Amino acid sequence: MIIENSNFILEHIASSGQCFRMNRLNDSEFSLIAGNRYLHLKQLDIKRVELSCGSEEYEEFWKEYFDLNYDYEEVVGKLLSGGDEFLRKAVDYGYGLRILKQELFEILITFIISQRKSIPAIKRCVEELSLKFGEKRKDTSTGNVYYTFPTAEVLSKASKESLRETGLGYRDEYVRGTAIAVINGDINLNSLPNLNFEEAVKELMKLPGVGIKVANCVALYGLHQIDAFPIDVWIERILKDIYDNQFETDRYKGYAGIVQQYMFYYIRSL
DNA sequence: AGCCAGGAGTTAA
DNA sequence: TTAACTCATGGC
């Protein structure tokens, strides 16, 4: 089915560093594995995207996944007219970015993996992990074969050695420890959506391999706390070099996470 | 070849 | 509380 939206650019979303299983197939087409599902996407033009799913699956899952109930045009308008030169250029460059609503456990593990890794390396590791510990599926509408992201159950039972074979490096114990914490009830992922931002971050940081930055990423991409503002090495450079450490996230309350996404995507292009 | 990657944990002060 | 050091691996 075809989606019309003036802020939905697949190329920008796929390479924005928030999802690691969305891949470019050619000039206009992309594949995406999210949760247990597979989707084929095609950018028809600047305002139209074709999805391989039917309207029922779209309404039930993908519409929410792509945050298509939220009006990004309003945020874009504020940033373009807000008088901040860097943000204006960032939005101008990264138009069509959105904050996806991804599966919580998958986001938790992938951002634990992300520490001290480049985006290509993260993607490779996530694919290896899915191939080794996920379930093989076949998409009914495209016939495409893919592997789901592994469950906490499976990862909690995996040996350190088998985990490390996927390229995790020293993060093997973090992944294992977090999966075990989820299974034995040390943390209840289902309760996190009920917490406010500060409480959720505090809870997440009890997990091995989850510090302030990863917790913010999980809050933003897995809990859709769009005031979360993850500060990685790139964002830190911006805050220092562009804003002389005077950037005020409070000024963008209600959509700071979206601002962060534009910043991140833009700075990496320079 | 050597540096850096969407950092976190530990230790020392 | 903060600073320095270490961690395994791959991409460029």
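Here is how names work: the chains are called A, B, and so on, in the same order as the sequence lines, proteins then strands, and each is numbered from 1. Predicted model, so just to flag it, every value in this text is computed and none were measured.
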Looking for any heavy atom pair under 4.0 Å, which part of the strands does [X] touch: base, sugar-phosphate only, or nothing?
{"X": "A:Gln261", "value": "base"}
{"X": "A:Thr166", "value": "nothing"}
{"X": "A:Glu236", "value": "nothing"}
{"X": "A:Gly17", "value": "base"}
{"X": "A:Tyr174", "value": "sugar-phosphate"}
{"X": "A:Ile267", "value": "nothing"}

d([atom1], [X]; [atom2], [N]) in whole Å:
{"X": "A:Lys123", "N": "B:dG6", "atom1": "NZ", "atom2": "C1'", "result": "14 Å"}
{"X": "A:Trp234", "N": "B:dC4", "atom1": "CH2", "atom2": "C1'", "result": "9 Å"}
{"X": "A:Lys117", "N": "C:dC7", "atom1": "NZ", "atom2": "P", "result": "16 Å"}
{"X": "A:Ile119", "N": "B:dC4", "atom1": "CD1", "atom2": "P", "result": "18 Å"}
{"X": "A:Leu100", "N": "B:dG6", "atom1": "CG", "atom2": "P", "result": "18 Å"}
{"X": "A:Arg171", "N": "C:dA8", "atom1": "CZ", "atom2": "C1'", "result": "6 Å"}
{"X": "A:Asp232", "N": "B:dA8", "atom1": "CG", "atom2": "P", "result": "10 Å"}
{"X": "A:Asn216", "N": "B:dG6", "atom1": "CG", "atom2": "P", "result": "17 Å"}

Taking only the side-chain heavy atoms of [X] (C-beta and beyond), determine which of [options] contains the nearest atom.
{"X": "A:Arg268", "options": "C:dA8, B:dG6, B:dG7", "value": "B:dG6"}
{"X": "A:Arg237", "options": "B:dG7, B:dG9, B:dC4", "value": "B:dC4"}
{"X": "A:Val214", "options": "C:dA8, B:dG6, B:dA8", "value": "B:dA8"}

**Message:** Tell me whether the count of non-hydrogen atoms from other residues, nucleotides or ligands lying under 6.0 Å of CD in A:Glu74 goes above 12.
**Reply:** no
**Complete:** Residue pair A:Gly169/A:Ser118 against DNA chain C: nearer the 5' end by closest nucleotide is A:Gly169
**Prompt:** Mapping A:Gln115 and A:Pro120 to their closest nucleotides on DNA chain C, which lands nearer the 5' end?
**Reply:** A:Gln115
**Request:** Quote, to the nearest angstrom, the C1' distance that separates B:dG6 from C:dA3.
**Result:** 23 Å
**Prompt:** Given the C1' atoms of B:dG9 and C:dG10, what is the spacing between them in whole Å?
**Reply:** 22 Å
Does [X] make a side-chain donor-acceptor contact with the base of [N], cut-off 3.5 Å?
{"X": "A:Tyr170", "N": "B:dG7", "answer": "yes"}
{"X": "A:Glu173", "N": "B:dG9", "answer": "no"}
{"X": "A:Tyr265", "N": "B:dG6", "answer": "no"}

Just checking, is any N or O donor in the side chain of [X] or [Y] under 3.5 Å from an acceptor N or O on the other one?
{"X": "A:Tyr72", "Y": "A:Asp67", "value": "yes"}
{"X": "A:Tyr70", "Y": "A:Asn7", "value": "no"}
{"X": "A:Gln115", "Y": "A:Tyr170", "value": "yes"}

**Request:** Please work out which of the three classes, parallel, tilted or perpendicular, describes the rings of A:Tyr65 and A:Phe61, given edges at 30° and 60°.
**Result:** parallel
**Request:** Report the distance from atom CD1 of A:Ile226 to atom NZ of A:Lys101, rounding to the nearest 0.5 Å.
**Result:** 8.5 Å
**Message:** Need to verify one output field. Residue with the more 5' nearest nucleotide on DNA chain B, A:Pro208 or A:Ile235?
**Reply:** A:Ile235
**Message:** Are B:dG6 and A:Phe111 stacked, with the base six-membered ring and the side-chain ring centres under 5.5 Å apart and planes under 30°?
**Reply:** no
**Message:** Against the six-membered ring of A:Phe149, is A:Arg21 placed for a cation-pi contact (under 6.0 Å from the centre, within 45° of the normal)?
**Reply:** no
**Message:** Can you tell me if A:Arg124 touches the phosphate of C:dG10, counting only side-chain N or O atoms and a distance under 4.0 Å to OP1 or OP2?
**Reply:** yes
